[in-house]
Every structure is written in C-alpha cells, then in structure tokens.
**Student:** 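One structure, pasted below without further comment.
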Amino acid sequence: MNEHSKIENMGGCSEIPVLKERGQREVFCGLTGIIWLHRKIQDAFFLVVGSRTCAHLLQSAAGVMIFAEPRFGTAILEEKDLAGMADAHEELDREVANLLERRPDIKQLFLVGSCPSEVIKLDLSNAAERLSKIYFPKVKVLNFSGSGIETTFTQGEDACLASLVPTLKETDEENLILVGSLPDIVEDQLVELIKELGIKEVAVLPGRDRETMPSIGKKSKFILAQPFLTDTTEALEKRGASRINAPFPFGEEGTTLWLRSIKENYGISDDKFEIVTSAPRKRAQLGLKKLRTSLQGKTIFFFPDSQLEIPLARFLSRECGMKLIEVGSPYINRSLVDKDLELIEDMPVISEGQDVDLQLDRCRESNPDITVCGLGLANPLEAEGLTTKWAIELVFTPIHGYEQAQDLAELFVRPLKRKEALLI
Ligand code: SF4
C-alpha cells in the first residue's frame with residue numbers, strides 16, 4: 001500500500017474501516033450538476049464563468065438543441081483575463097446586463113465558478129453581491145463553485161442548494177422540507193405520500209421557481225433525498241432547521257424506512273402508515289421479485305463517482321441479493337449515510353477518494369460481474385472483458401421511491417443481459 005492509501009476507522013456506530021485514497025481520480029466536475037438543475041429550477045439561469053473547456057463540457061453533456069433557449073451559458077475567460085490584463089468584473093457586469101436585457105424570464109441568476117475563475121481568484125461572491133444590488137428584487141443573483149478542484153460532480157448541486165439557503169424566507173410555522181433535486185414526477189410521488197401521512201406543510205428545496213422555494217425557521221424539519229448534500233445540510237441547520245435522519249429512498253425497503261423516519265418523527269400511527277404505504281410497497285416488491293433472480297449472487301464493484309454508492313450498495317445487496325466487493329465513494333459523510341451503512345451485511349471494502357491505478361488493480365483481481373464506474377473507465381474495462389454500468393446514468397435516471405424500484409434494479413440487469421447476449 002503506497003502513501004496515497006491508508007485504512008482508517010470510521011468510528012461511531014459501525015466501526016467500519018475505510019480505505020482512504022488520495023491519488024489520481026477520474027470524476028466529472030461540479031458544472032455537470034447544471035445539466036439537471038437548469039431543468040429543475042425553471043426561472044433560473046446558470047452563468048458559468050470559465051474557459052472554452054467548461055463551455056464544451058456543458059454543451060456536449062446537456063446536448064441542447066440549437067433552437068432551444070438554454071438556461072445556462074458560459075462567460076468565457078480569455079487569455080487577457082487569465083493574464084490579469086483585463087478587468088474581468090467589468091466584463092462580467094456587461095455580460096450579465098446583456099443577458100438580463102435579452103431574457104426577462106430570468107428571476108434567479110447563478111454565477112458559477114470554475115477552475116479558471118478560481119485559479120485567477122475571481123471573487124464571484126463579491127460579484128453576486130454587487131449585481132444583486134443592481135437587479136434585486138427583479139432578479140436574485142447568487143454564486144457557487146462548480147470547479148473540478150472539488151471532490152466530485154454532485155457537489156455542484158450541493159453548492160447550488162447551499163447558496164440558496166441563506167436567501168430562503170424566514171417562517172415561524174412548522175414545515176417539512178424535502179431536500180434534493182429529483183425529477184418532477186418522482187418529487188410529486190414522494191410529496192404525495194408524505195401528505196397522505198397527514199403532514200400538510202411540505203416544501204421542496206430546490207423549488208421549481210423563485211415563488212415555490214421553501215420558507216425556513218427553527219420549527220422546520222428537513223429530510224434529504226440525495227446523500228451528497230453535506231454543505232446544504234450545514235446551511236439548513238445553521239438556519240435552525242433539524243434533519244430527520246434516514247436511509248435514502250432507493251428500493252422498497254429504503255423508501256419504506258425513509259417514510260417511516262418521517263412517520264416516527266411526527267408521531268403518526270402504524271395504522272395510518274400501513275394504509276398509505278401498503279399498496280405502493282406491494283407494487284415495488286412485486287417488481288423487484290421479477291428481477292431478483294437475475295441479480296442474486298452476482299458480484300458488484302463500485303468506483304467512486306456520485307456519492308450515491310453507499311445507499312445503492314445497500315439496495316443491491318439487501319433487496320436484490322447482490323454481493324458487494326468494493327463500494328467506493330468520492331467522499332463519505334458518515335452522519336448522512338450511517339443509516340444505510342448500518343444495514344449493509346457482509347461488509348465489503350468501503351473506500352473513500354481514489355487512487356485510480358490501485359483501484360483498477362483491485363477491480364481486475366476481483367473480476368466482478370458488474371463494475372459501476374465513470375465514462376472514462378467504462379470503455380477500457382469493457383475491452384478487458386468486464387461488464388460495466390455508467391455511474392452517471394444513475395444520476396440522470398429516475399430511481400427514487402416505490403414506483404422506480406423496479407427500474408433501478410433493471411439498470412443493473414441490463415448490462416448482464418447484454419453480456420449474455422454477446423456470449424451466445
Ligand atoms: S470547471 Fe474545471 S474541470 Fe470543469 S470543465 Fe471547467 S476547467 Fe474542466
């Protein structure tokens with residue numbers, strides 16, 4: 001084991017040893033989050049202050065059609081900006097003025113930092129404050145970093161939501177906030193279930209526009225729908241809200257435990273819980289039963305990518321019967337994933353961070369039935385005969401909640417079927 005790797009004990013409830021690696025890593029940067037956030041927050045615009053590389057990443061990843069009016073763009077830092085020969089703030093102000101004049105539909109403008117803007121120490125929080133003074137109340141101007149200097153791409157959403165929290169309206173009323181960006185249909189399903197339990201004041205962060213952003217106060221409670229929201233959690237707690245801790249709502253069991261944590265927190269009766277959850281639970285169980293035979297006993301290896309790995313590993317091992325070999329995550333905030341970790345039996349190697357060559361060696365040696373990894377590793381591993389699943393697909397596909405439990409399992413069945421078909 002080289003100096004980039006060391007085993008550390010996680011301590012606390014599970015005393016699980018974690019293999020910590022700090023070597024070369026293969027993940028997308030936080031700008032990737034804009035691809036789903038610009039669809040989710042419908043009156044927002046994400047203005048990346050970055051290089052042509054950043055613009056290419058966004059354009060190719062989002063695949064926006066030429067006739068669409070996208071809600072993201074890049075203010076390109078040219079060489080003269082990078083060399084400090086031009087006043088980047090002046091140019092940014094001009095770009096923002098042009099944009100807001102052309103697009104009166106924009107009500108929330110996010111200035112998004114990138115590697116180049118951070119390298120030249122362009123202070124975007126200052127810029128956001130300055131521009132807010134000009135454009136507020138018509139437009140709220142915020143900023144966050146999406147740079148690749150951070151740990152992984154889902155941190156882009158975390159940083160974006162954390163930047164929204166200080167701007168949320170104060171309330172003295174009790175409410176429950178569902179936190180994390182989900183496809184609208186999945187969000188509606190989960191909110192509906194919570195309301196059926198008898199909780200009427202339910203809001204979602206991020207709201208779909210400025211008007212529907214939640215209010216927050218000391219009587220607010222929140223529950224995460226995504227496990228990568230460390231900074232957002234801190235910001236919400238700073239505003240006085242308290243977190244309901246739960247496993248994440250993946251699969252039938254995960255969704256039931258997630259809802260049960262809400263039920264217990266609000267003192268809702270077992271009968272009511274049963275009435276609300278029994279039908280969708282049965283549907284999810286039935287859907288999973290059909291696929292379990294294809295996944296039972298199959299081995300899986302997770303490279304670190306989205307921070308969804310630990311809850312997904314819990315789902316695959318407990319609800320689909322898969323055998324976990326290694327579960328890698330770019331960053332593990334144990335207080336957010338402890339409920340999922342506690343449920344994992346036959347503890348695999350849990351690794352945090354990455355030293356990609358060492359991890360590739362471990363993967364090849366264990367020869368898993370499925371390897372979950374980023375796009376950059378998938379093709380070479382397929383060429384070596386391993387069956388892979390693109391980790392990013394798990395972020396773009398609706399996978400939360402009862403109605404998506406079967407689809408989630410299916411995402412892992414498909415590569416196995418493809419492999420079988422190729423072998424025939
Ligand atoms: S933010 Fe950094 S890592 Fe991301 S596209 Fe721009 S230069 Fe590349």
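Residue indices begin at 1 and follow the sequence shown. For ligands, and for the atoms within them, numbers begin at 1 and follow the listed sequence. Heavy atoms only: backbone and side chains are in, while hydrogens, waters and symmetry mates are out. Computed from a prediction, not measured in an experiment: that's the story for all the values here.
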**Student:** Could you list the residues that satisfy side-chain contact (heavy atoms from CB on, under 4.5 Å) with Glu237, not counting sequence neighbours?
**Tutor:**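 Expected list: Phe222, Thr233, Arg243.
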**Student:** Between Glu201 and Lys219, does at least one N-O distance fall below 4.0 Å, as a salt bridge requires?
**Tutor:**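 A salt bridge is absent here (no side-chain N lies under 4.0 Å from a carboxylate O).
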**Student:** Taking Glu352 for the side chain and Ile332 for the main chain, is one N or O donor matched with an acceptor at less than 3.5 Å?
**Tutor:**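 Looks like yes, one N/O pair under 3.5 Å.
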**Student:** Please assess Asn143 against Asn126 for the test side chain to side chain contact (heavy atoms under 4.5 Å, CB included), listing each intermediate value before the final yes or no.
**Tutor:** CA-CA 9 Å; Asn143 76 289; Asn126 208 321; over 6 Å; no
**Student:** Give the total of protein N/O/S atoms at a distance below 2.8 Å from atom 6 (Fe) of ligand 1.
**Tutor:**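 Atoms of protein N, O or S type lying less than 2.8 Å from atom 6 (Fe) of ligand 1 total 1.
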**Student:** Are any of the side-chain nitrogens in Glu174 or Lys221 under 4.0 Å away from the carboxylate oxygens of its partner?
**Tutor:**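 So Glu174 does not pair with Lys221 through a salt bridge.
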**Student:** Check Glu403, His400, Gln404 against Gln189 for a side-chain hydrogen bond (donor to acceptor under 3.5 Å, both in side chains) and give me the one that passes.
**Tutor:**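 Looking at Glu403, His400, Gln404, the match for Gln189 under the side-chain hydrogen bond (donor to acceptor under 3.5 Å, both in side chains) is Gln404.
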